[in-house]
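Everything below concerns the one structure shown next.
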Amino acid sequence: MALRRDIVTTIATRLVKIVAGLGAAIITARSLGDAGRGEYFLIVTIALTLVQLGNLGLHSSNTYEVARDPSLLSPLLSNSFWISIGIGLGLAAATAGGAATFGWFSTTSADLLAVVLTVLVPTLLFILLGSNLLVGMSRIAAFNAFELGSTILLVAALGVAALAGFGVRGFVLLTTACWALVALLLLAHLRRGIRGLRFRPDTFKTGLRYSFRAYGIALLAFLALRGNVFLLDQYAGVEELGRYSVALQVVDVLIVLPSSVALVVFPDLVRNAEQRWGRVTRSLLPMAVLSGLTSAAAGLVAKPVFEAMFGAEFSESAAMLWWMLPGVFCLSLATLLSQYLAAIGIPLEVIIVWMLACGIVIGAGFILIPDHGGVGAGAAFSIGYAFVLVALYFVGVRRSRITDSVDLVAEYEHER
């Protein structure tokens with residue numbers, strides 16, 4: 001009953017985030033236009049990419065470790081704090097330096113990028129690591145509260161920026177300030193009853209095997225989802241990137257349901273090994289029905305809704321979304337399969353699958369984007385995630401047949 005309640009509340013929270021996220025997209029698109037929206041989206045994507053590069057898989061390891069042993073909350077929180085500062089600042093400095101010296105990301109200001117990344121990357125990195133501790137502790141209500149509160153705060157700030165007539169710089173700086181405030185509140189919440197924030201190298205070392213596998217998968221999955229953003233910026237221009245960003249934001253909305261279910265179910269799969277594969281596969285059919293219906297509905301209304309909500313210049317975003325919808329369906333089902341594979345210790349085959357998928361998406365992007373722009377990026381997305389779904393299913397079938405004799409979790413414990 002508690003698990004169902006957590007799933008329902010998480011989905012409800014994500015639905016509110018959908019509405020708020022669309023509101024944010026409308027505000028930025030209407031206030032900044034397609035070029036300004038593209039620049040804003042590019043800066044945020046750079047920050048998110050650096051977070052994926054710098055998290056070392058510790059977000060997944062945090063959930064896994066604290067779900068197994070709640071007493072690890074204090075050392076895991078301390079490590080998350082210092083890792084976010086150290087790695088976040090290092091990546092931000094390297095990227096800002098490259099932008100200033102070599103002209104990376106020429107469509108945006110190098111000095112703005114430097115200021116924003118210095119704050120935004122460590123902030124977003126800590127939010128990622130800290131919120132996953134809440135999930136591992138099954139504090140789903142607190143997790144949802146931070147998700148919802150941060151979204152509402154961000155939309156309100158963007159509304160203020162729009163009313164004040166700010167340009168891209170003002171929008172980006174207000175976004176950064178909002179996320180910094182959320183990070184401070186999250187730290188204060190997690191520190192209740194915990195003294196000090198001393199780095200714990202012993203705890204850090206014991207989780208590295210799991211975290212490195214999770215890191216590889218998360219980074220590759222992120223690049224498969226967002227990697228073509230940089231190709232669009234290079235080959236199609238910032239206006240096309242702005243239109244593609246709207247379609248991609250709808251994709252983020254459509255995968256809310258499977259990601260919410262996966263988020264809540266994962267700690268239970270870690271703690272309860274009984275019939276893991278059967279429990280996950282029985283969820284595939286209802287998820288397929290729901291994902292198919294929501295994707296079809298989104299495709300039918302995309303063009304008139306985009307024109308009404310974002311403006312006539314974003315009508316082409318509908319065609320980009322249409323080409324992405326098969327990939328959304330496949331990603332929804334693959335998300336559930338991934339939870340089983342993560343709960344048994346992340347087999348190496350999963351990393352290979354994501355390496356191939358990333359290569360497929362970006363390789364197809366190189367072929368399709370120069371001539372077809374955002375539509376080509378959408379098609380590349382669907383090709384890659386169709387491969388992911390098929391490959392992960394066969395890996396799951398194989399592993400489900402051998403986990404009785406070779407339990408990856410037991411093997412992981414032995415190696416520790």
Side-chain angles (χ1 to χ4, degrees), residues 20-51 88 91-93 95-124 127 150-183 226 228-250 252 306 309-317 320 373-374 377:
L22 289 175
I26 292 169
I27 291 170
T28 54
R30 290 283 188 179
S31 301
L32 301 175
D34 52 3
R37 162 73 186 183
E39 184 179 356
Y40 175 85
F41 183 72
L42 178 63
I43 292 173
V44 174
T45 298
I46 292 168
L48 292 173
T49 302
L50 294 178
V51 170
L91 288 174
T95 304
T101 305
F102 303 108
W104 298 348
F105 319 116
S106 57
T107 55
T108 190
S109 167
D111 63 330
L112 173 62
L113 196 64
V115 172
V116 170
L117 293 184
T118 300
V119 179
L120 192 57
V121 176
T123 293
L124 291 176
I127 291 173
S150 61
T151 302
I152 294 173
L153 179 64
L154 177 60
V155 174
L158 295 179
V160 170
L163 291 173
F166 290 166
V168 173
R169 181 179 296 268
F171 272 80
V172 171
L173 291 176
L174 272 178
T175 297
T176 303
C178 286
W179 286 119
L181 177 59
V182 172
R226 302 272 184 173
N228 281 333
V229 166
F230 303 107
L231 295 180
L232 278 170
D233 181 52
Q234 180 70 30
Y235 291 109
V238 71
E239 291 85 1
E240 185 78 350
L241 176 58
R243 292 187 284 270
Y244 181 75
S245 72
V246 170
L248 191 57
Q249 186 154 7
V250 175
D252 291 339
F306 284 169
M309 295 176 66
F310 299 101
E313 67 266 35
F314 289 91
S315 61
E316 295 179 18
S317 300
M320 301 175 190

- Message: For Thr28, give me all partners under side chain to side chain donor-acceptor pair (under 3.5 Å), at least two apart in sequence or on another chain.
- Response: Arg37
- Item | Separation between CG of Leu163 and CG of Leu158, rounded to the nearest 0.5 Å | 11.0 Å
- Item | Residues Val115, Thr176; criterion side-chain contact (heavy atoms from CB on, under 4.5 Å); working and verdict | CA-CA 10 Å; Val115 172; Thr176 303; over 6 Å; no
- Message: So, taking the atom named CG in Leu181 and the one named CG in Leu153, what distance separates them when rounded to the nearest 0.5 Å?
- Response: 6.0 Å
- Is there side-chain contact between Val172 and Leu120, with heavy atoms separated by less than 4.5 Å? no
- Message: Using every non-hydrogen atom in the two residues, find where Leu232 and Ala377 come nearest and quote the distance to one decimal.
- Response: CD1-CB, 4.1 Å
- Message: Which residues pass the ring pair (Phe, Tyr, Trp, His ring centres under 6.0 Å) test with Phe171, not counting sequence neighbours?
- Response: none
- Message: According to side chain to side chain donor-acceptor pair (under 3.5 Å), who are the partners of Thr123, at least two apart in sequence or on a separate chain?
- Response: none
- Task: Report yes if some heavy atom in the side chain of Thr49 is under 4.5 Å from a heavy atom in the side chain of Phe230; otherwise report no.
- Result: yes
- Task: Output every pair passing salt bridge (Lys or Arg N to Asp or Glu O under 4.0 Å) with a member in residues 165-179, not counting sequence neighbours, ordered by first then second residue.
- Result: Asp111-Arg169
- Query: Once the angle between the rings of Phe314 and Phe310 is folded into 0 to 90°, is it parallel (under 30°), tilted (30 to 60°) or perpendicular (over 60°)?
  - Reply: tilted
Taking only distance into account, with no hydrogens and no angle test, what donor-acceptor pairs under 3.5 Å do side-chain atoms of residues 40-48 form with protein atoms, sequence neighbours excluded?
residue : atom : partner : partner atom : Å
Tyr40   : OH   : Thr175  : OG1          : 2.8
Thr45   : OG1  : Phe41   : O            : 2.8

- Indicate the atoms forming the closest heavy-atom contact of Ala180 with Val119, along with that distance. CB-CG1, 4.3 Å
- Ile152: what forms a side chain to side chain contact (heavy atoms under 4.5 Å, CB included) with it, not counting sequence neighbours? Leu148
- Message: Any non-hydrogen side-chain atom of Trp179 less than 4.5 Å from a side-chain atom of Leu154?
- Response: yes
- In Leu32, Val160, Val155, the residue satisfying side chain to side chain contact (heavy atoms under 4.5 Å, CB included) with Ile27 is Val155
- Item | Over all atoms of both residues, closest heavy-atom pair of Ser317 and Val246 | OG-CB, 3.9 Å
- Query: What residues form a side chain to side chain donor-acceptor pair (under 3.5 Å) with Glu239, not counting sequence neighbours?
  - Reply: none
- Task: Indicate the atoms forming the closest heavy-atom contact of Ser150 with Val182, along with that distance.
- Result: CB-CG2, 3.5 Å
- Ser31 versus Ala162, closest heavy-atom pair with distance: OG-CB, 3.3 Å
- Query: Can you name the residues that form a side chain to side chain donor-acceptor pair (under 3.5 Å) with Glu240, not counting sequence neighbours?
  - Reply: Arg243
- Test side chain to side chain contact (heavy atoms under 4.5 Å, CB included) applied to Ala157 - qualifying residues, sequence neighbours left out: Leu174, Cys178
- Item | Sequence-distant partners of Leu231, side chain to side chain contact (heavy atoms under 4.5 Å, CB included), two or more places apart | Asn228, Tyr235, Ile362, Phe366, Ile369
